[in-house]
*Asks:* 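The structure follows.
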Amino acid sequence: MAKTQRGGQVMKVARRVKRTAGRAVAKASRPVRKVQVTLGDLIAAAFDVAGETTAAVKLVSSRAMTEATGKQIVFVG
């Protein structure tokens with residue numbers, strides 16, 4: 001607790017704890033809902049986000065995508 005002076009009186013002031021950290025932990029501990037997505041839908045979404053073909057290929061074949069899908073996607077050609 002911090003102390004502050006106001007008009008000659010010493011007052012105790014409690015610090016406030018941010019609640020955002022608690023919410024982040026609660027969101028992280030929620031169960032993940034499994035969704036079935038086709039490879040075509042995945043590539044189309046990556047193209048919408050990235051905007052160009054080479055960026056979409058990098059996004060879909062990235063390590064994070066491999067961990068998220070459980071499959072390694074490789075583009076040949």
*Asks:* Given the rule that I, L, V, M, F, W and Y join up when any side-chain heavy atoms are under 4.5 Å apart, are Ile43 and Leu59 in one cluster?
*Replies:*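 Unlinked, Ile43 and Leu59 end up in two clusters.
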
*Asks:* Sequence neighbours excluded and cut-off under 3.5 Å, please list the side-chain donor-acceptor pairs for residues 49-56, or say none.
*Replies:*
residue	atom	partner	partner atom	Å
Glu52	OE2	Thr54	OG1	3.2

*Asks:* For residues 65-77, pull every pair meeting side chain to side chain donor-acceptor pair (under 3.5 Å), keeping only residues two or more places apart or in separate chains.
*Replies:*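 Every pair satisfying side chain to side chain donor-acceptor pair (under 3.5 Å) with a residue in residues 65-77: there are none.
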
*Asks:* Which heavy atom of Ile73 sits nearest to which heavy atom of Ser61, and what is that distance?
*Replies:*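 Closest pair (atom of Ile73, atom of Ser61, distance): O-CB, 3.2 Å.
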
*Asks:* Which residues end up grouped with Phe47 if you chain together Ile, Leu, Val, Met, Phe, Trp and Tyr wherever their side-chain heavy atoms are less than 4.5 Å apart?
*Replies:*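 Reading the cluster by chain and number, Phe47 sits alone, since nothing else belongs.
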
*Asks:* Could I get the full list of side-chain hydrogen bond (donor to acceptor under 3.5 Å, both in side chains) partners for Asp48, not counting sequence neighbours?
*Replies:* none

